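To start, the structure itself, in C-alpha cells.
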Amino acid sequence: MLVYPHFDPIAIHIGPLAVRWYGLMYLVGFVSGWLLGRHRAKQPGSGWTTEQVDDFVGYIMLGVVLGGRLGYILFYDLPVYLHDPLQIFAIWRGGMSFHGGLVGVMLCFWLYGRKTGKSFFEVADFIAPFVPIGLGAGRIGNFINGELWGRVTDSPLGMIFPGYGAGPYPRHPSQLYEATLEGLVLFVLLYWYSSKPRPTRAVAGLFGVGYGLARISCEYFREPDIQLGFLFGNWLTMGMLLSLPMVVIGAWLMYSAYHPRNTA
C-alpha cells in the first residue's frame with residue numbers, strides 16, 4: 001500500500017491571505033496554456049496572433065471558473081447550495097465541475113468568435129490542445145486537497161486518504177489516474193495531432209472523444225460523490241453520464257470534418 005503524503009492545503013501565507021495549492025494549480029493551468037497558445041500562434045498559418053491569445057485568456061478564466069462552479073452546483077450538490085447560498089463562493093474548498101466549465105468555455109468560444117470574426121470551431125480547434133494542461137493541474141489540486149479519492153481497493157496502488165468519509169481503507173488514488181489520462185496523455189495526443197493542419201472540427205472532436213473515454217475509464221476507479229452515489233446498478237456515475245455525450249458528439253465532429261459531403 002502507498003502512503004498518502006499529507007499536504008498542507010495552504011501553500012503560503014501572505015499576511016492574512018492564505019494561498020492554497022488548489023488555486024495555484026488553476027493558475028499553473030492558465031499560465032501554461034497561455035504560453036503554449038502564444039507559441040502556437042507564432043507558427044506559420046496558425047490564423048492567430050499573440051495579442052488575440054492574450055485577449056482570450058480572460059474569457060477562458062471567466063468561463064472556467066463560473067461554468068465550473070455553476071456546473072458543480074447544478075449537477076452534483078444543488079440542495080446544499082439552496083440551503084446555504086453563501087457556500088457558492090467557497091471555491092477554495094473545491095467543488096468545480098469539468099462539464100460545467102466546458103459549457104462556460106464553449107460560450108466563450110462563441111462570444112470571442114463573434115468579436116474576432118472567427119467561427120466557433122476555429123476557436124475550439126485552436127484552444128482544445130491546451131485544455132488538458134489545466135485538467136491535469138486541477139486533478140493534482142484535488143489530490144493535494146485529499147478529495148475526490150477512489151474506491152476501496154486491495155491493489156498495491158491503494159492509499160488511505162485523510163478526508164472525511166474516506167474511512168480507514170486503502171483507496172485508488174484516482175485523482176492521479178485522471179491527471180495522467182485526462183491531463184498528460186490527452187495533452188500529448190492533442191498537441192501532436194494539432195501540430196499539422198487538420199480539417200475544421202477535427203481537433204475539437206478528438207478532444208471530446210479523448211476526454212470522454214479517459215473520464216469514463218477513470219470513473220471505474222473513482223468513488224462516486226457521496227450525495228449522488230451510483231445512478232444505476234453498481235457502476236453508472238454522474239461523471240460517466242455527462243461524459244458519454246462528449247464521446248458521441250466528438251466522434252460525429254471528427255467524422256463530419258473528414259467526410260463533409262456525407263454530413264451536409
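By convention here, the first residue in the shown sequence is residue 1. The structure presented is a predicted model; accordingly, all values stated were derived computationally and were not measured. The figures that follow rest on heavy atoms only: side chains count, while hydrogens, waters and symmetry mates do not.
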Any side-chain to backbone donor/acceptor pair from [X] onto [Y]? Under 3.5 Å, distance only.
X	Y	answer
Y4	F143	yes
W48	V53	no
D125	A204	yes

*asked:* Ring-plane angle category for W149 and F161, please: parallel below 30°, perpendicular beyond 60°, tilted otherwise.
replied: tilted
*Non-neighbouring partners of D55 that pass salt bridge (charged side-chain N to carboxylate O under 4.0 Å, His left out), sequence neighbours left out*: K115
_Cationic N near anionic O, under 4.0 Å, D54 to R38_ = yes
*Check whether M61 and Y72 end up in the same hydrophobic cluster, where Ile, Leu, Val, Met, Phe, Trp and Tyr are linked by side-chain heavy atoms less than 4.5 Å apart.*
yes
*Could you tell me whether F98 and Y211 have their ring centroids closer than 6.0 angstrom?*
yes
Taking all atoms of both residues into account, what is the closest heavy-atom pair of [X] and [Y], and its distance?
X	Y	value
F187	P132	N-CB, 3.6 Å
G136	A179	O-CB, 3.8 Å
L253	F121	CD2-CZ, 3.6 Å
L2	L157	CD1-O, 3.6 Å
R151	F230	NH2-CE2, 3.5 Å
S97	F75	OG-CD1, 3.8 Å

_What I'd like to find out is whether the side chain of M1 reaches to under 4.5 Å of the side chain of I160, using heavy atoms alone._
yes
Between [X] and [Y], a side-chain donor and acceptor under 3.5 Å:
X	Y	answer
H99	S243	yes
S194	R40	yes
S256	R201	yes

